Amino acid sequence: MAKRLVIKVTAGADAPERCSQAFTVAAVAVASGVEVSLWLTGESAWFALPGRAAEFELPHAAPLPDLLETIAAGGRLTLCSQCAARRDIGEDDVIEGVRIAGAQVFVSEIVGEDVQALVY
């Protein structure tokens, strides 16, 4: 069984370098053939909405929409259910391919065999 990578990103525009690092690592892992699950939590929850990634800017970093597209094409994107509720984001609001799930699903992903979890 191949190693899986679960990444929880808590940062958004409030901590752009940390946010960009999480998306970059996830996209590079997907492009390398690693099974990736990216969790959007905290301020990164906003990137589950259409057009929000395009508003993100960080000099000398890959465009967030491109990274998000790579991750969505080859990995799994999950929006934290509590984070979504606090921001009034529903299932009909998110970009295609984003699921909304809670802590129990996150825990089940990270305790599996051959899983590496990272939090940004």
Side-chain angles (χ1 to χ4, degrees):
M1 178 190 307
K3 191 156 188 142
R4 294 174 291 150
L5 185 59
V6 179
I7 300 173
K8 178 186 272 194
V9 56
T10 63
D14 60 324
E17 286 184 302
R18 192 161 32 108
C19 176
S20 179
Q21 288 169 1
F23 280 88
T24 299
V25 167
V28 168
V30 166
S32 300
V34 176
E35 185 180 328
V36 174
S37 176
L38 181 69
W39 283 72
L40 304 172
T41 69
E43 286 302 299
S44 73
W46 296 114
F47 299 127
L49 297 175
R52 282 317 233 343
E55 297 172 6
F56 181 87
E57 292 184 13
L58 182 63
H60 310 291
L64 201 61
D66 295 349
L67 297 173
L68 190 58
E69 183 178 316
T70 297
I71 299 161
R76 171 179 283 155
L77 287 168
T78 305
L79 171 59
C80 163
S81 58
Q82 289 182 13
C83 301
R86 281 190 284 274
R87 291 162 178 80
D88 293 322
I89 299 172
E91 289 185 12
D92 293 336
D93 300 320
V94 299
I95 57 177
E96 185 177 341
V98 173
R99 70 175 176 168
I100 297 177
Q104 69 279 12
V105 176
F106 178 76
V107 170
S108 72
E109 285 189 15
I110 65 171
V111 298
E113 207 169 303
D114 293 320
V115 175
Q116 174 69 51
L118 303 173
V119 178
Y120 285 89

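Everything quoted here is computed from the prediction, not taken from an experiment. Atoms considered below: every heavy atom in the structure, side chains included; atoms not considered: hydrogens, waters and symmetry mates.
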### Query
Any idea which heavy atoms bring Pro50 and Val94 closest together, and the distance?
CD-C, 4.4 Å
### Query
So do Leu68 and Ile95 actually touch side chain to side chain, heavy atoms under 4.5 Å?
yes
### Message
Using modelled atom types and a 3.5 Å cut-off, is there a donor and acceptor pairing between side-chain atoms of Arg86 and backbone atoms of Ser81?
### Response
no
### Query
With hydrophobic residues grouped by side-chain heavy-atom distances under 4.5 Å, do Val107 and Val115 end up in a single group?
yes
### Query
Is there side-chain contact between Thr10 and Arg18, with heavy atoms separated by less than 4.5 Å?
yes
### Query
Do Ser44 side-chain atoms and Thr41 backbone N/O form a donor-acceptor pair below 3.5 Å?
yes
### Task
Output the distance between atom CD (Glu91) and atom CZ (Arg99), rounded to the nearest 0.5 Å.
11.5 Å
### Query
Where do Ile100 and Gly90 come nearest, in terms of heavy atoms and distance?
CD1-C, 3.8 Å
### Task
Mind checking the CG-OG spacing from Leu77 to Ser37? Nearest 0.5 Å is all I need.
8.0 Å
### Query
Does atom CD of Glu109 have more than 12 heavy-atom neighbours, drawn from other residues, nucleotides or ligands, at distances under 6.0 Å?
yes
### Task
Nearest 0.5 Å please: distance from the CG atom of Asp66 over to the CZ atom of Phe23.
12.5 Å
### Task
Spell out, as yes or no, whether a donor-acceptor pair under 3.5 Å connects the side chain of Ser108 to the backbone of Val105.
yes
#### Entry: Over-ring placement of Lys8 relative to Tyr120, 6.0 Å and 45° cut-offs
no
#### Entry: Heavy-atom pair with the smallest gap, counting every atom of Ala45 and Arg87
CB-CD, 3.8 Å
## Note on the structure
Between Cys83 and Cys80, the two heavy atoms sitting closest are SG-SG, 3.1 Å
### Message
For a quick test of reading the model, state the closest non-hydrogen atom pair linking Val30 to Ile71 and the distance between them.
### Response
CG2-CA, 4.2 Å
### Task
Can you see which heavy atom on Trp39 is nearest to which on Gly102, and at what distance?
CH2-O, 3.5 Å
### Message
In this structure, would Val28 and Leu5 fall into the same cluster of hydrophobic residues linked by side-chain contacts under 4.5 Å?
### Response
no
### Approximate separation, where rounding is to 0.5 Å, of Gln116 CD and Ile7 CD1
9.5 Å
### Query
Would you say Val98 and Thr78 make side-chain contact, with heavy atoms under 4.5 Å?
no
### Message
Checking Phe47 against Val9 for the side chain to side chain contact (heavy atoms under 4.5 Å, CB included) test, could you report, in this order, the C-alpha distance in whole Å, the side-chain angles of both residues, the deciding distance, and whether it holds?
### Response
CA-CA 11 Å; Phe47 299 127; Val9 56; over 6 Å; no
#### Entry: CG-CZ distance between Leu40 and Arg52, expressed to the nearest 0.5 angstrom
12.5 Å
### Query
Does Ser20 offer a backbone N or O that forms a donor-acceptor pair with the side chain of Thr24 under 3.5 Å?
yes
### Query
Do Val6 and Leu118 have side chains that get closer than 4.5 Å, going by heavy atoms?
no
### NZ/NE/NH1/NH2 to OD/OE distance under 4.0 Å, Lys3 and Glu113
no
### Query
Asp14 side chain to Gly12 main-chain N or O, any donor-acceptor pair under 3.5 Å?
yes
